[in-house]
Every structure is written in C-alpha cells, then in structure tokens.
2 protein chains.
Amino acid sequence: MTPGERRSLDDVETRELRYFVAVAEEAHVGRAARRLGMAQPPLSRAIGQLERRLGAELFVRTPRGVTLTSAGETLLHEGRAALAAVEAAERRTRRAVAAGGRATVVLTAKAGASGDLMAKLLDVYAAEPDAVDVEVVLSPPGHQAPMLRDGRADVAILHRPFDDTSGFDADELGVEDQVLVLPSGHPSSTRTSMTVAEASSIPDLPLPRWPHLDGTYPDGPGPELRDLTQVLQLVRLGRAAILLPEVVRADLRDGLAVVPLSDAPRVTTVIAWPSHSTSAGVAGLVRTAARL
Amino acid sequence: MTPGERRSLDDVETRELRYFVAVAEEAHVGRAARRLGMAQPPLSRAIGQLERRLGAELFVRTPRGVTLTSAGETLLHEGRAALAAVEAAERRTRRAVAAGGRATVVLTAKAGASGDLMAKLLDVYAAEPDAVDVEVVLSPPGHQAPMLRDGRADVAILHRPFDDTSGFDADELGVEDQVLVLPSGHPSSTRTSMTVAEASSIPDLPLPRWPHLDGTYPDGPGPELRDLTQVLQLVRLGRAAILLPEVVRADLRDGLAVVPLSDAPRVTTVIAWPSHSTSAGVAGLVRTAARL
DNA sequence: CGGGCCCGATACCGCGGCGGTATGACGCCA
DNA sequence: TGGCGTCATACCGCCGCGGTATCGGGCCCG
C-alpha cells in the first residue's frame with residue numbers, strides 16, 4: 001500500500017456521530033458548532049460528508065436552521081445508542097485498570113430509595129468468599145438506566161414501571177403497593193382507601209412535580225422538587241401529598257399519615273445489568289440479591 | 001480556537017476500536033496489520049496511543065506475539081458490542097434511505113424453520129392497514145442474534161434455549177416438545193418414548209454435528225451438516241438420527257419415524273427485536289405475531 | 001421592492017496525525 | 001553467537017481536519 005492510499009471510507013467514526021447528534025439536537029449548525037467548540041464551516045462539511053457516505057439526506061435545510069429527515073431520525077436514535085456503547089467500552093476499560101487488576105463493580109440506585117434493601121444486599125454480598133469491591137453511586141431518579149448504558153455503572157437497582165428496563169437483564173427483588181403520604185392532621189388522612197384520581201384532586205394538597213431526565217419540569221400545579229427528604233418535609237408542612245411505595249412507612253416520622261391506594265400500579269424493585277455483562281462481581285451481586 | 005488547537009483527545013474513535021479488536025483476535029500485531037491492509041508500525045503506534053489514552057495496558061508483549069490483559073479483555077468485549085452498535089446505526093440509516101422514505105423492516109429466521117408460522121405471519125401482517133414492506137432474510141442457525149445486533153435485521157424469529165435472546169425484547173409465540181427423528185425401519189422407531197441419553201447412544205445412528213457460529217464443528221462422532229434437508233435425507237438413508245421440534249412432523253415424508261423424548265428441553269419460538277427499536281414495522285409485526 | 005440579517009455552503013489554507021519505509025531492541029533457539 | 005521473529009522507534013510525505021473569508025439565498029422590515 002503506497003502512502004497516499006487510504007482505508008475504505010465507509011466506516012463511520014464516532015467523531016462524525018457526535019457531530020451529527022449535536023446538529024440534530026440543536027437543529028442548527030451554527031449553535032451545534034459552538035457547542036462542539038469549533039467553527040461552523042467544518043461542521044457543515046462533516047455533515048455533508050456523512051450524508052454522502054451514507055447516501056442519505058439526513059437534514060432538510062431551512063432558512064431557520066435544519067430539521068431531521070426520517071433517515072436522520074433513524075441515525076439519531078441508533079447513533080445515540082452507538083455512542084453510549086463506545087463510551088461504555090471506554091469507561092469500563094478505564095475502571096478495569098483503575099482497580100489495578102482487582103475486579104470492581106459499580107452499583108447505582110435512586111438516592112433515598114430502597115435503603116434497607118441495599119444495605120442488606122451489600123452486607124450479605126461482602127460476606128461472600130469471592131466478593132469484589134462494590135462502589136455505590138446514588139443518583140437522581142431516572143438516571144440509572146442511562147448510566148448502565150454508557151458504562152458509568154455495571155448494575156442498578158430499578159423500579160418498574162417508572163424505570164425502563166428494556167435492553168437489560170433483570171431479576172425481580174420484590175413487589176409492593178403504593179400509598180399516599182399526607183399530613184397527619186389532614187381530613188383525608190383518616191380514610192382507609194383512595195383512588196389515584198381522588199388523591200390527585202385533593203384541593204389543598206397538590207402532588208409535587210418531579211424533574212424530567214433533562215432537568216426540566218412537567219407543567220402543572222404543585223411544587224417542583226428533586227429530593228425525597230424535601231418532599232416529606234413539605235408534606236409535613238401541609239403543602240403537598242405524594243404517592244410512594246409502601247416501604248416508606250418505615251422511614252416516616254411524626255406528622256405524616258398514610259392512605260392505601262386502590263388502583264395505583266404496583267412497584268416492582270429489580271436488579272438490572274447489561275445483558276452482555278461478563279463481570280463476576282455483577283453475577284455475584286445478582287446471585288446474592290436473588291437470595292434475599 | 002486557533003488552527004493548531006485540537007479537540008480533547010479522550011474520545012475513542014471506531015477506527016481505533018477496529019484496530020484493537022483485530023490485534024486482540026489475532027494475538028499478533030503483524031498478522032492484524034495484514035488483515036487490516038496496513039503496515040505493522042502504524043498499528044503498533046495506534047495501539048500504544050490507545051493504551052496511553054485509556055491509561056491502561058491492554059496487551060502484554062511476548063516474543064511470540066501479544067496477549068490480552070484483563071483490561072484488554074474488558075475492552076474487547078465492550079468494544080465488539082460498541083462496533084456492532086455503530087454498524088447497526090450505519091446500516092439502518094442506509095436502509096431507511098434505500099426504502100425511499102417508505103418504511104421497511106427486515107425479518108430474519110433460521111433457514112428451514114418455522115415455515116408455516118412465518119408464512120402465516122407475513123400473510124396476516126400484509127393484510128394490516130398500516131403494513132410496511134417486509135424483507136425476509138433466511139440464514140444459518142445462530143446467525144439471527146448477531147444480525148439483530150449489527151443492524152442487518154430489525155426483528156427475528158428465534159428458538160429458545162438454542163438462541164440467546166439476552167439484550168432483546170421478545171414475545172413468546174409458542175412452546176413445543178422435541179422429538180427424535182429416525183429411519184422408519186429402525187428397531188427403535190417403534191418405541192413410544194425415549195430419553196435424550198438413550199437417543200444419543202443408539203449405536204448405529206449417531207446424532208449429526210452442527211457448525212458453531214465461526215463455522216467450525218464440535219468434536220465427536222456423527223456427520224457434519226449445515227442444512228435441515230441434508231440431515232433428513234441422511235436420516236432416511238439410515239445414517240443418522242436427529243432431535244427436532246415436533247412441528248417437523250408435518251414436513252416429514254415417507255421413510256422417517258418419530259419418537260417422543262421424555263426429557264428433552266421444550267423449544268420456545270419467540271419473536272425478538274432490539275429493545276430500543278422504534279420502528280413502526282417491527283411493532284406491527286410483533287402485534288400481529290402475538291395474535292396468531 | 002431593496003437592504004440588512006441570518007442561515008448554511010463553498011473556497012482556500014496551514015498543520016497535525018496517519019500511514020508509509022527503514023531500522024532498532026530484544027527474547028528465543030539452534 | 002548469529003539468525004529469526006517479534007514489537008517499538010525514527011523519520012517522512014501527504015491527506016484531511018479545522019481554521020478564516022466569503023458567497024448564495026430566504027426572510028423580514030422599512
């Protein structure tokens with residue numbers, strides 16, 4: 001092969017995918033370029049090359065920016081998954097060496113949830129003969145699945161139906177009903193049962209809003225909150241009510257009452273891991289969890 | 001940003017992953033370089049750069065070639081998955097445009113299996129009001145899951161426990177027992193039941209060997225075969241016996257007999273798709289399949 | 001209806017990194 | 001100890017990336 005000769009050009013590089021995703025998300029080449037820390041023309045050119053290489057129009061150019069074609073929608077969806085997989089490879093390799101040859105596993109869970117379960121799991125697992133180090137990462141609701149996908153974590157405690165476990169293997173750890181938590185003095189607090197519709201429409205007790213994955217909040221009444229302790233404090237102050245799995249009963253202090261809900265979906269706690277995982281640590285944790 | 005300034009260097013490019021995987025698979029830099037169609041030194045350098053970037057020793061250099069470290073094992077595993085995801089993005093985008101904006105879906109199944117089921121599925125689905133074009137790709141046993149992973153197919157008919165469905169979403173389509181197919185004149189052909197152990201040890205009727213995914217054959221007695229018709233012909237000739245799901249009864253012609261097996265694992269036919277799929281065609285096919 | 005504005009696309013340039021060849025360092029074996 | 005086979009290093013040439021300057025073309029507004 002002479003120096004001038006190059007490889008066949010139809011393999012997509014991750015750089016190109018990152019550029020494409022940025023442009024797709026911004027719907028604007030200039031803004032995407034700023035976000036990427038580069039000038040606009042090379043980005044335009046890179047997108048053009050990608051389009052020629054794939055033989056696809058990915059964007060329609062409009063006077064206000066760009067919008068995705070249907071092929072572009074496909075590439076955005078698949079490309080994000082591919083980038084997450086590349087990042088996962090990178091991160092898990094870095095972690096493998098950081099552990100200095102000794103195996104390690106990163107477990108992630110919703111902050112403030114399943115506390116007892118986690119404590120017990122970690123205790124029992126640590127007593128196993130072949131246990132490896134477990135790093136626990138607590139993060140906001142909904143962040144566990146992405147972390148599993150991009151390699152920041154190896155195994156997660158998730159809660160169906162709130163978390164999406166598709167694409168992972170998962171074992172069920174338990175199922176529980178949800179209850180409404182409200183201030184103990186409130187007139188509704190003496191009821192023995194309630195529907196979700198009723199719970200949502202208690203006039204002076206709005207259900208708080210939780211942030212979406214991107215950090216924005218859904219529209220509607222009720223306070224905006226990020227944290228379980230915050231919520232419970234607000235409930236105690238008589239400013240809100242909230243639906244929670246019934247384990248919280250154990251953590252409740254004075255000033256809070258609980259009403260069972262007749263029609264709320266049951267919550268399943270699961271332990272989930274990437275289905276291609278080969279980590280002995282993950283396998284051990286899962287085995288331990290199944291015995292709890 | 002001045003011209004000389006470059007992006008942060010810690011994102012791994014797919015080219016580097018391909019190089020790494022080639023070296024890991026060959027366990028030899030020179031051979032890998034030949035396979036990649038390039039010279040050995042730049043490949044050595046690329047691997048060195050990747051190692052420095054990840055802060056990991058990926059290979060130990062030996063006088064006979066290279067072998068993977070444990071960090072290298074991790075990267076090989078994760079990197080293959082990442083490369084498959086990138087290829088999937090590329091292929092599905094190309095297919096999206098090849099269809100000229102009209103949606104299409106690629107269905108793959110084992111050649112020669114589930115014929116009736118597939119025919120019925122395609123017929124019923126084609127009658128749906130919002131049906132899209134379905135391209136059927138028949139391929140050797142075990143190739144369906146990789147095709148789903150790297151984007152050559154969008155949905156597959158698989159058979160548990162033979163196929164690994166982990167990482168996919170799947171709906172069960174049916175469960176059936178396995179039977180032993182043997183020449184009709186054979187002494188054992190009059191038995192009403194048999195165990196797998198008995199079936200494997202009929203002296204003059206060895207069970208044929210099927211190729212592994214890489215095309216090699218397991219060790220042992222019995223003929224090497226790739227194709228169901230081949231097998232059945234061989235059975236009819238009195239040279240082999242074979243375990244098959246009992247639907248094959250329908251396809252059997254003269255000269256073949258069937259004995260139920262008491263302890264063979266039941267075979268579950270499933271329809272499977274990548275869990276992040278958003279294709280309307282896949283959804284429609286799955287919905288149709290569930291109603292069969 | 002023409003001028004300014006805001007898009008993305010094109011033209012052109014400089015340099016860094018990739019891939020090339022030649023050669024070195026080093027363990028193994030005869 | 002010389003030869004072989006391995007990977008690493010040294011050095012070079014060119015392509016492609018990213019840079020700046022500019023163009024083409026809708027859109028809005030006076």
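Each chain gets a letter, A, B and so on, in the order the sequences are listed, and its residues count up from 1.
A:P42 comes within 4.0 angstrom of a base, heavy atoms only. Across all strands, B:G30 comes closer than 4.0 Å only to sugar-phosphate atoms, never to a base (heavy-atom distances). Here B:E13 lies out of heavy-atom contact (under 4.0 Å) with every strand.
Of all non-hydrogen atoms in B:D154 and B:W273, the two that sit nearest each other are O-CB, 3.7 Å. The shortest non-hydrogen separation linking A:E13 to B:R15 is OE1-N, 3.0 Å.
For the pair B:R15 CZ and D:dC17 P, the interatomic distance rounds to 11 Å; values are reported in whole Å. Atom pair A:I47:CD1 and C:dG8:P shows a separation of 11 Å (rounding to whole Å applied). Counting to the nearest Å, the P atom of D:dC7 and the CG atom of B:L50 are 17 Å from each other. Rounding to whole angstrom units, CG of residue A:L58 and P of C:dG8 are separated by 15 Å. Taking atom CD of residue B:E26 and atom C1' of nucleotide D:dC7, one finds them 16 Å apart after rounding to whole Å. Following rounding to the nearest Å, B:R34 (CZ) and D:dC7 (P) show an atom-to-atom distance of 10 Å. Straight-line distance from the CG atom of A:L36 to the C1' atom of D:dG19: 15 Å, rounded to whole Å. Look at CD on B:E51: it is 12 Å from C1' on D:dA8, rounded to the nearest Å.
Distances shorter than 4.0 Å separate some side-chain N or O of B:S44 from OP1 or OP2 on D:dA8. Using a 4.0 Å cut-off, some side-chain N or O of A:R61 falls inside it from OP1 or OP2 of C:dA9. Listed pair B:Q49 / C:dG17 fails the phosphate criterion, with no side-chain N or O lying under 4.0 Å from OP1 or OP2. The phosphate of C:dC7 has neither OP1 nor OP2 within less than 4.0 Å of any side-chain N or O from A:R31.
Side chains of A:R152 and A:T108: a donor-acceptor N/O pair is absent below 3.5 angstrom, by distance only.
The number of heavy-atom neighbours closer than 6.0 Å to CZ of B:R35, taken from other residues, nucleotides and ligands shown, is above 12.
When atom types are taken as modelled, the side chain of B:R92 and the backbone of B:A153 share a donor-acceptor pair closer than 3.5 angstrom.
Residue-to-nucleotide contacts include a donor-acceptor pair under 3.5 Å from the side chain of B:R45 to the base of C:dG19.
Of the candidates C:dG27, D:dA8, D:dT20, the closest approach to any side-chain atom of B:P41 belongs to D:dA8. With distances taken from any side-chain atom of B:M38 to the nucleotides C:dG19, D:dA21, C:dG8, the minimum falls on C:dG19. With C:dG27, D:dT20, D:dA8 as the choices, the nucleotide that has an atom nearest any side-chain atom of B:Q40 turns out to be D:dA8.
Along DNA chain D, the nucleotide nearest B:R52 and the nucleotide nearest B:H28 are compared for position; the residue whose nucleotide lies closer to the 5' end is B:H28.
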